[in-house]
There are 2 protein chains.
Amino acid sequence: MNEKKKLAETRLEGEVLFEGRLLRLERDRVRLPNGTEALREIVRHPGAVAVIALYEQELLMVRQFRYPVGRETLEIPAGKIDPQEAPLACAIRELREETGYRGTMEEIATFYTTPGFSDEVMHVFLASDLSWDPLTMDDDEFIALERIPWAEALKLARNNGFIDAKTILGILLAEGHI
Amino acid sequence: MNEKKKLAETRLEGEVLFEGRLLRLERDRVRLPNGTEALREIVRHPGAVAVIALYEQELLMVRQFRYPVGRETLEIPAGKIDPQEAPLACAIRELREETGYRGTMEEIATFYTTPGFSDEVMHVFLASDLSWDPLTMDDDEFIALERIPWAEALKLARNNGFIDAKTILGILLAEGHI
(Lines give C-alpha, C1' and ligand atoms only; values in the text may rest on other atoms or scores of the structure.)
Protein backbone atom coordinates (compact mmCIF):
# COMPACT_ATOMS: atom_id res chain seq x y z
CA MET A 1 0.00 0.00 0.00
CA ASN A 2 0.96 3.64 -0.30
CA GLU A 3 0.61 4.87 3.27
CA LYS A 4 3.50 7.26 2.90
CA LYS A 5 2.70 8.63 -0.53
CA LYS A 6 2.86 12.42 -0.45
CA LEU A 7 -0.46 13.91 -1.47
CA ALA A 8 -0.65 17.45 -0.09
CA GLU A 9 -0.73 20.54 -2.31
CA THR A 10 0.78 23.76 -0.98
CA ARG A 11 -0.62 27.22 -1.72
CA LEU A 12 1.86 29.58 -3.39
CA GLU A 13 -0.39 32.55 -4.11
CA GLY A 14 -4.00 33.28 -4.88
CA GLU A 15 -6.50 35.77 -6.16
CA VAL A 16 -10.19 36.43 -5.58
CA LEU A 17 -11.81 36.28 -9.01
CA PHE A 18 -15.31 37.16 -7.86
CA GLU A 19 -17.01 38.06 -4.61
CA GLY A 20 -20.77 37.75 -4.84
CA ARG A 21 -23.84 37.70 -2.65
CA LEU A 22 -23.58 33.96 -2.09
CA LEU A 23 -20.26 32.74 -3.47
CA ARG A 24 -16.64 33.76 -3.62
CA LEU A 25 -14.54 32.36 -6.43
CA GLU A 26 -10.80 32.05 -5.87
CA ARG A 27 -7.93 30.82 -8.01
CA ASP A 28 -4.73 29.65 -6.32
CA ARG A 29 -1.39 28.64 -7.72
CA VAL A 30 -0.23 25.54 -5.82
CA ARG A 31 2.83 23.32 -5.56
CA LEU A 32 2.00 19.68 -6.31
CA PRO A 33 3.56 16.69 -4.50
CA ASN A 34 5.99 16.19 -7.41
CA GLY A 35 7.26 19.79 -7.20
CA THR A 36 5.47 21.14 -10.26
CA GLU A 37 2.86 23.90 -10.12
CA ALA A 38 -0.83 23.94 -10.99
CA LEU A 39 -3.85 26.24 -10.75
CA ARG A 40 -6.85 25.42 -8.57
CA GLU A 41 -10.28 27.06 -8.86
CA ILE A 42 -12.21 27.10 -5.59
CA VAL A 43 -15.77 28.14 -4.76
CA ARG A 44 -15.90 29.43 -1.18
CA HIS A 45 -19.31 28.85 0.39
CA PRO A 46 -20.59 29.85 3.86
CA GLY A 47 -21.89 26.36 4.62
CA ALA A 48 -25.44 25.14 4.86
CA VAL A 49 -27.88 23.12 6.93
CA ALA A 50 -30.65 20.68 6.02
CA VAL A 51 -33.35 19.37 8.33
CA ILE A 52 -35.25 16.10 8.56
CA ALA A 53 -38.53 17.00 10.28
CA LEU A 54 -41.42 14.61 10.73
CA TYR A 55 -44.86 15.68 11.86
CA GLU A 56 -47.36 12.88 12.49
CA GLN A 57 -45.25 10.36 10.48
CA GLU A 58 -44.98 12.73 7.52
CA LEU A 59 -41.75 14.29 6.27
CA LEU A 60 -41.97 18.06 5.83
CA MET A 61 -40.59 18.98 2.41
CA VAL A 62 -40.40 22.12 0.31
CA ARG A 63 -41.09 22.48 -3.38
CA GLN A 64 -39.13 25.30 -4.98
CA PHE A 65 -37.67 26.47 -8.25
CA ARG A 66 -33.90 25.96 -8.29
CA TYR A 67 -32.56 28.42 -10.80
CA PRO A 68 -29.13 26.77 -11.30
CA VAL A 69 -30.77 23.55 -12.51
CA GLY A 70 -33.75 25.26 -14.16
CA ARG A 71 -36.50 23.22 -12.56
CA GLU A 72 -38.67 22.66 -9.53
CA THR A 73 -37.30 20.33 -6.88
CA LEU A 74 -38.78 18.66 -3.82
CA GLU A 75 -36.20 18.87 -1.05
CA ILE A 76 -35.91 18.72 2.69
CA PRO A 77 -35.83 22.20 4.29
CA ALA A 78 -32.37 23.71 3.93
CA GLY A 79 -30.50 26.94 3.66
CA LYS A 80 -27.16 28.62 3.90
CA ILE A 81 -25.61 29.73 7.13
CA ASP A 82 -25.63 33.48 7.83
CA PRO A 83 -22.42 35.27 8.89
CA GLN A 84 -21.59 34.47 12.55
CA GLU A 85 -24.55 32.07 12.75
CA ALA A 86 -24.07 28.65 14.34
CA PRO A 87 -25.29 25.64 12.31
CA LEU A 88 -27.78 24.76 15.08
CA ALA A 89 -29.30 28.26 15.08
CA CYS A 90 -29.45 28.16 11.30
CA ALA A 91 -31.30 24.83 11.35
CA ILE A 92 -33.90 26.18 13.80
CA ARG A 93 -34.35 29.36 11.72
CA GLU A 94 -34.60 27.61 8.35
CA LEU A 95 -37.15 25.08 9.56
CA ARG A 96 -39.31 27.89 11.01
CA GLU A 97 -39.01 29.99 7.84
CA GLU A 98 -39.71 27.19 5.38
CA THR A 99 -42.27 25.07 7.27
CA GLY A 100 -43.51 27.18 10.16
CA TYR A 101 -42.42 24.64 12.76
CA ARG A 102 -39.89 24.94 15.56
CA GLY A 103 -38.05 21.78 16.48
CA THR A 104 -35.46 20.41 18.86
CA MET A 105 -32.42 19.70 16.73
CA GLU A 106 -29.90 16.87 16.78
CA GLU A 107 -27.04 16.97 14.26
CA ILE A 108 -26.83 13.54 12.63
CA ALA A 109 -24.30 14.12 9.83
CA THR A 110 -21.76 16.61 8.50
CA PHE A 111 -20.14 16.33 5.08
CA TYR A 112 -18.61 18.22 2.20
CA THR A 113 -21.04 18.48 -0.71
CA THR A 114 -18.42 18.91 -3.46
CA PRO A 115 -14.83 18.73 -2.17
CA GLY A 116 -13.50 18.74 -5.73
CA PHE A 117 -14.41 22.38 -6.32
CA SER A 118 -16.00 23.91 -3.22
CA ASP A 119 -15.54 24.05 0.55
CA GLU A 120 -19.26 23.90 1.30
CA VAL A 121 -20.00 21.96 4.49
CA MET A 122 -23.51 20.60 4.95
CA HIS A 123 -24.86 19.93 8.44
CA VAL A 124 -27.88 17.61 8.57
CA PHE A 125 -30.15 17.86 11.59
CA LEU A 126 -33.00 15.67 12.79
CA ALA A 127 -35.82 17.74 14.33
CA SER A 128 -38.13 16.46 17.05
CA ASP A 129 -40.90 17.85 19.31
CA LEU A 130 -42.27 20.10 16.55
CA SER A 131 -44.50 23.03 17.51
CA TRP A 132 -46.09 25.74 15.34
CA ASP A 133 -43.93 28.89 15.51
CA PRO A 134 -43.54 30.41 12.02
CA LEU A 135 -40.92 32.94 10.97
CA THR A 136 -41.13 35.16 7.88
CA MET A 137 -38.77 34.10 5.15
CA ASP A 138 -36.56 36.06 2.77
CA ASP A 139 -38.37 38.25 0.24
CA ASP A 140 -36.90 36.40 -2.73
CA GLU A 141 -37.73 32.86 -1.60
CA PHE A 142 -40.83 31.21 -3.03
CA ILE A 143 -41.60 27.78 -1.71
CA ALA A 144 -44.56 25.47 -1.20
CA LEU A 145 -44.73 23.09 1.76
CA GLU A 146 -45.52 19.44 1.04
CA ARG A 147 -45.88 16.46 3.35
CA ILE A 148 -44.74 12.99 2.34
CA PRO A 149 -45.47 9.89 4.44
CA TRP A 150 -42.15 8.73 5.91
CA ALA A 151 -42.35 5.22 4.44
CA GLU A 152 -42.93 6.71 1.00
CA ALA A 153 -40.05 9.18 1.44
CA LEU A 154 -37.72 6.28 2.29
CA LYS A 155 -38.84 4.37 -0.79
CA LEU A 156 -38.37 7.42 -3.02
CA ALA A 157 -34.91 8.10 -1.56
CA ARG A 158 -33.80 4.55 -2.37
CA ASN A 159 -35.21 4.58 -5.91
CA ASN A 160 -34.13 7.82 -7.53
CA GLY A 161 -37.38 9.53 -6.56
CA PHE A 162 -35.60 12.65 -5.31
CA ILE A 163 -33.03 14.57 -7.27
CA ASP A 164 -30.73 16.32 -4.85
CA ALA A 165 -27.96 14.77 -2.81
CA LYS A 166 -28.71 16.20 0.64
CA THR A 167 -32.37 15.14 0.49
CA ILE A 168 -31.55 11.52 -0.43
CA LEU A 169 -28.66 11.38 2.02
CA GLY A 170 -30.56 13.07 4.85
CA ILE A 171 -33.45 10.62 4.57
CA LEU A 172 -31.21 7.53 4.36
CA LEU A 173 -29.10 8.64 7.33
CA ALA A 174 -32.14 9.61 9.41
CA GLU A 175 -33.57 6.12 9.01
CA GLY A 176 -31.21 4.81 11.67
CA HIS A 177 -32.40 7.47 14.14
CA ILE A 178 -36.18 7.25 13.68
CA MET B 1 -51.99 22.89 -0.02
CA ASN B 2 -50.28 25.11 -2.55
CA GLU B 3 -50.28 22.97 -5.71
CA LYS B 4 -50.80 25.99 -7.94
CA LYS B 5 -48.34 28.35 -6.31
CA LYS B 6 -46.15 29.93 -8.94
CA LEU B 7 -42.50 29.17 -8.26
CA ALA B 8 -40.58 29.57 -11.52
CA GLU B 9 -37.97 32.27 -12.04
CA THR B 10 -37.45 33.64 -15.55
CA ARG B 11 -34.06 34.66 -16.96
CA LEU B 12 -33.93 38.29 -18.13
CA GLU B 13 -30.24 38.61 -18.97
CA GLY B 14 -26.94 37.18 -17.87
CA GLU B 15 -23.19 37.50 -17.94
CA VAL B 16 -20.28 35.10 -17.69
CA LEU B 17 -18.18 36.33 -14.77
CA PHE B 18 -15.42 33.76 -15.11
CA GLU B 19 -14.60 30.89 -17.45
CA GLY B 20 -11.97 28.57 -15.97
CA ARG B 21 -10.44 25.18 -16.52
CA LEU B 22 -13.10 23.47 -14.47
CA LEU B 23 -15.85 25.94 -13.69
CA ARG B 24 -17.83 28.69 -15.34
CA LEU B 25 -19.39 31.32 -13.10
CA GLU B 26 -22.46 33.14 -14.37
CA ARG B 27 -24.68 35.84 -12.95
CA ASP B 28 -28.23 36.21 -14.25
CA ARG B 29 -30.87 38.80 -13.61
CA VAL B 30 -34.19 36.98 -13.16
CA ARG B 31 -37.88 37.80 -12.75
CA LEU B 32 -39.30 36.30 -9.56
CA PRO B 33 -42.81 34.83 -9.24
CA ASN B 34 -44.04 38.09 -7.66
CA GLY B 35 -42.79 40.19 -10.58
CA THR B 36 -39.75 41.70 -8.88
CA GLU B 37 -36.20 41.10 -10.05
CA ALA B 38 -33.23 39.44 -8.40
CA LEU B 39 -29.67 38.33 -9.21
CA ARG B 40 -28.64 34.67 -9.25
CA GLU B 41 -25.04 33.41 -9.14
CA ILE B 42 -24.58 30.03 -10.82
CA VAL B 43 -21.59 27.72 -11.04
CA ARG B 44 -21.75 25.75 -14.30
CA HIS B 45 -20.10 22.36 -13.99
CA PRO B 46 -19.57 19.66 -16.66
CA GLY B 47 -21.00 16.91 -14.44
CA ALA B 48 -19.25 14.04 -12.73
CA VAL B 49 -19.34 10.33 -12.07
CA ALA B 50 -18.57 8.23 -9.00
CA VAL B 51 -18.10 4.46 -8.91
CA ILE B 52 -18.80 1.79 -6.31
CA ALA B 53 -16.37 -1.02 -7.13
CA LEU B 54 -15.88 -4.12 -4.97
CA TYR B 55 -13.05 -6.56 -5.44
CA GLU B 56 -13.15 -9.65 -3.25
CA GLN B 57 -15.63 -8.03 -0.81
CA GLU B 58 -13.49 -4.90 -0.46
CA LEU B 59 -14.50 -1.44 -1.62
CA LEU B 60 -11.87 0.26 -3.79
CA MET B 61 -11.32 3.80 -2.49
CA VAL B 62 -8.90 6.60 -3.22
CA ARG B 63 -7.08 8.80 -0.73
CA GLN B 64 -6.29 12.22 -2.12
CA PHE B 65 -5.67 15.79 -1.09
CA ARG B 66 -8.70 17.95 -1.86
CA TYR B 67 -7.42 21.47 -2.18
CA PRO B 68 -10.78 23.27 -1.75
CA VAL B 69 -11.22 21.73 1.71
CA GLY B 70 -7.51 21.70 2.57
CA ARG B 71 -7.25 18.08 3.67
CA GLU B 72 -6.92 14.48 2.62
CA THR B 73 -10.13 12.60 1.98
CA LEU B 74 -10.98 8.95 1.45
CA GLU B 75 -13.54 8.79 -1.35
CA ILE B 76 -14.95 6.40 -3.87
CA PRO B 77 -13.33 6.79 -7.32
CA ALA B 78 -14.81 9.79 -9.11
CA GLY B 79 -14.09 12.46 -11.65
CA LYS B 80 -15.57 15.05 -13.91
CA ILE B 81 -16.97 14.29 -17.33
CA ASP B 82 -14.83 15.35 -20.30
CA PRO B 83 -16.39 17.35 -23.17
CA GLN B 84 -18.55 15.08 -25.35
CA GLU B 85 -17.94 12.14 -23.02
CA ALA B 86 -20.89 9.98 -21.94
CA PRO B 87 -21.25 9.34 -18.18
CA LEU B 88 -20.80 5.59 -18.75
CA ALA B 89 -17.53 6.07 -20.66
CA CYS B 90 -16.36 8.48 -17.97
CA ALA B 91 -17.09 5.93 -15.23
CA ILE B 92 -15.09 3.23 -17.03
CA ARG B 93 -12.20 5.64 -17.61
CA GLU B 94 -12.09 7.04 -14.08
CA LEU B 95 -12.15 3.61 -12.46
CA ARG B 96 -9.27 2.45 -14.69
CA GLU B 97 -7.25 5.62 -14.02
CA GLU B 98 -7.75 5.69 -10.27
CA THR B 99 -7.76 1.98 -9.37
CA GLY B 100 -6.39 0.13 -12.41
CA TYR B 101 -9.55 -1.97 -12.79
CA ARG B 102 -12.01 -2.16 -15.64
CA GLY B 103 -15.58 -2.92 -14.70
CA THR B 104 -19.01 -3.49 -16.17
CA MET B 105 -21.04 -0.47 -15.12
CA GLU B 106 -24.64 -0.10 -13.99
CA GLU B 107 -25.93 3.39 -13.19
CA ILE B 108 -27.71 3.23 -9.84
CA ALA B 109 -28.36 6.91 -9.08
CA THR B 110 -28.29 10.38 -10.58
CA PHE B 111 -28.63 13.57 -8.56
CA TYR B 112 -27.72 17.23 -8.31
CA THR B 113 -24.94 17.78 -5.78
CA THR B 114 -25.75 21.42 -4.96
CA PRO B 115 -28.86 22.70 -6.78
CA GLY B 116 -28.77 25.92 -4.75
CA PHE B 117 -25.69 27.23 -6.52
CA SER B 118 -24.50 24.80 -9.20
CA ASP B 119 -25.86 22.62 -11.99
CA GLU B 120 -23.46 19.75 -11.31
CA VAL B 121 -25.07 16.36 -11.95
CA MET B 122 -23.47 13.32 -10.32
CA HIS B 123 -23.95 9.87 -11.84
CA VAL B 124 -23.24 6.97 -9.49
CA PHE B 125 -22.32 3.64 -11.05
CA LEU B 126 -21.95 0.18 -9.57
CA ALA B 127 -19.08 -1.75 -11.17
CA SER B 128 -18.98 -5.54 -11.48
CA ASP B 129 -16.78 -8.19 -13.15
CA LEU B 130 -13.58 -6.29 -12.38
CA SER B 131 -10.42 -7.11 -14.33
CA TRP B 132 -6.95 -5.53 -14.20
CA ASP B 133 -6.62 -3.02 -17.05
CA PRO B 134 -4.93 0.17 -15.82
CA LEU B 135 -4.95 3.54 -17.58
CA THR B 136 -2.51 6.36 -16.90
CA MET B 137 -4.09 9.24 -15.01
CA ASP B 138 -3.78 13.00 -15.36
CA ASP B 139 -0.36 14.48 -14.57
CA ASP B 140 -1.71 16.63 -11.75
CA GLU B 141 -3.62 13.91 -9.89
CA PHE B 142 -1.96 12.28 -6.90
CA ILE B 143 -3.91 9.51 -5.27
CA ALA B 144 -3.34 6.39 -3.20
CA LEU B 145 -5.56 3.34 -3.57
CA GLU B 146 -7.04 1.84 -0.40
CA ARG B 147 -9.30 -1.16 0.11
CA ILE B 148 -11.98 -1.18 2.80
CA PRO B 149 -13.98 -4.31 3.67
CA TRP B 150 -17.55 -3.71 2.46
CA ALA B 151 -19.13 -4.29 5.88
CA GLU B 152 -16.79 -1.72 7.39
CA ALA B 153 -17.49 0.77 4.59
CA LEU B 154 -21.22 0.45 5.26
CA LYS B 155 -20.69 1.03 8.97
CA LEU B 156 -18.49 4.07 8.31
CA ALA B 157 -21.01 5.52 5.84
CA ARG B 158 -23.78 5.28 8.44
CA ASN B 159 -21.70 6.80 11.25
CA ASN B 160 -20.00 9.89 9.85
CA GLY B 161 -16.86 7.92 9.01
CA PHE B 162 -16.59 9.46 5.54
CA ILE B 163 -16.69 13.16 4.83
CA ASP B 164 -17.99 13.68 1.34
CA ALA B 165 -21.56 13.39 0.16
CA LYS B 166 -21.15 11.19 -2.93
CA THR B 167 -19.11 8.60 -1.01
CA ILE B 168 -21.68 8.24 1.78
CA LEU B 169 -24.59 8.33 -0.64
CA GLY B 170 -22.97 5.94 -3.13
CA ILE B 171 -22.31 3.34 -0.43
CA LEU B 172 -25.80 3.61 1.11
CA LEU B 173 -27.51 3.37 -2.29
CA ALA B 174 -25.32 0.49 -3.45
CA GLU B 175 -26.33 -1.54 -0.42
CA GLY B 176 -29.64 -2.39 -2.05
CA HIS B 177 -27.85 -3.70 -5.16
CA ILE B 178 -25.10 -5.84 -3.59
Side-chain angles (χ1 to χ4, degrees), chain A residues 1-2 5-9 17-18 20-23 25 27-28 30 32-34 36 38-43 45 48 63-69 72-73 80 109-120 122 140 142-146 158 160 162-166 168-169 172-173 176, chain B residues 1-2 5-9 17-18 20-23 25 27-28 30 32-34 36 38-43 45 48 63-69 72-73 80 109-120 122 140 142-146 158 160 162-166 168-169 172-173 176:
Chain A
M1 302 299 288
N2 291 308
K5 191 167 178 178
K6 276 191 185 171
L7 300 170
E9 303 176 355
L17 297 167
F18 174 75
R21 253 171 37 107
L22 169 61
L23 306 173
L25 183 65
R27 181 167 55 188
D28 286 3
V30 304
L32 300 179
N34 66 357
T36 63
L39 292 171
R40 293 282 178 253
E41 298 157 9
I42 315 113
V43 174
H45 187 286
R63 183 172 295 280
Q64 64 194 307
F65 187 82
R66 286 297 202 176
Y67 189 80
V69 298
E72 279 184 20
T73 61
K80 64 175 188 294
T110 310
F111 49 80
Y112 297 112
T113 57
T114 49
F117 71 91
S118 144
D119 65 353
E120 184 187 19
M122 174 71 68
D140 64 347
F142 298 87
I143 65 169
L145 183 61
E146 298 194 13
R158 291 200 194 98
N160 267 307
F162 298 117
I163 58 173
D164 84 299
K166 71 170 174 306
I168 308 170
L169 196 38
L172 294 180
L173 288 172
Chain B
M1 302 301 288
N2 290 309
K5 192 167 177 178
K6 276 191 186 171
L7 299 170
E9 302 177 355
L17 297 167
F18 173 76
R21 254 170 38 106
L22 169 62
L23 308 173
L25 183 64
R27 181 168 53 189
D28 286 3
V30 305
L32 300 178
N34 66 356
T36 64
L39 292 172
R40 293 283 177 252
E41 298 158 9
I42 314 113
V43 174
H45 187 286
R63 184 172 295 280
Q64 64 194 307
F65 187 82
R66 286 297 203 175
Y67 189 81
V69 299
E72 279 185 19
T73 61
K80 62 175 190 292
T110 310
F111 48 81
Y112 297 112
T113 57
T114 49
F117 72 91
S118 144
D119 65 353
E120 184 187 21
M122 174 71 68
D140 64 347
F142 298 86
I143 65 169
L145 183 61
E146 296 194 15
R158 290 200 195 98
N160 267 308
F162 299 116
I163 58 175
D164 83 300
K166 70 172 174 306
I168 308 169
L169 195 38
L172 294 180
L173 287 172

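Keep in mind it's a predicted model, so treat the numbers as computed, not measured.
- For a residue to count as touching a neighbouring chain, one of its non-hydrogen atoms must lie under 4.5 Å from one of that chain's; by this rule A/T113 touches chain B with backbone and side chain alike.
- With sequence neighbours excluded, the residues forming a side-chain contact (heavy atoms from CB on, under 4.5 Å) with B/L7 are A/R63, A/F65, A/E72, A/F142, B/K5, listed by chain and number.
- For A/A165, the side-chain contact (heavy atoms from CB on, under 4.5 Å) criterion is met by B/F111, B/L169, not counting sequence neighbours.
- The closest side-chain heavy-atom distance from B/R40 to A/R21 is below 4.5 Å.
- Between the side chain of A/E41 and the backbone N or O of B/L22 there is at least one donor-acceptor pair closer than 3.5 Å.
- Among all heavy-atom pairs drawn from B/T110 and A/N160, the shortest one is N-OD1, 3.2 Å.
- Smallest separation of non-hydrogen atoms from B/D119 and A/V69: CA-CG1, 3.9 Å.
- Heavy-atom distances place the side chain of B/L17, and not its backbone, under 4.5 Å from chain A.
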Assess whether side chain to side chain contact (heavy atoms under 4.5 Å, CB included) is satisfied between A/L172 and B/L173, documenting all intermediate values. CA-CA 9 Å; A/L172 294 180; B/L173 287 172; 3.8 Å; yes

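- The distance from the CZ atom of B/R27 to the CG atom of A/L23 is 11.5 Å, given to the nearest 0.5 Å.
- With rounding to the nearest 0.5 angstrom, the OH atom of A/Y112 is 11.5 Å from the CD1 atom of B/I168.
- Interface residue B/F117: backbone and side-chain heavy atoms are both found under 4.5 Å from chain A.
- Nearest heavy atom pair, residue A/G116 against residue B/P68, reads O-CG, 3.6 Å.
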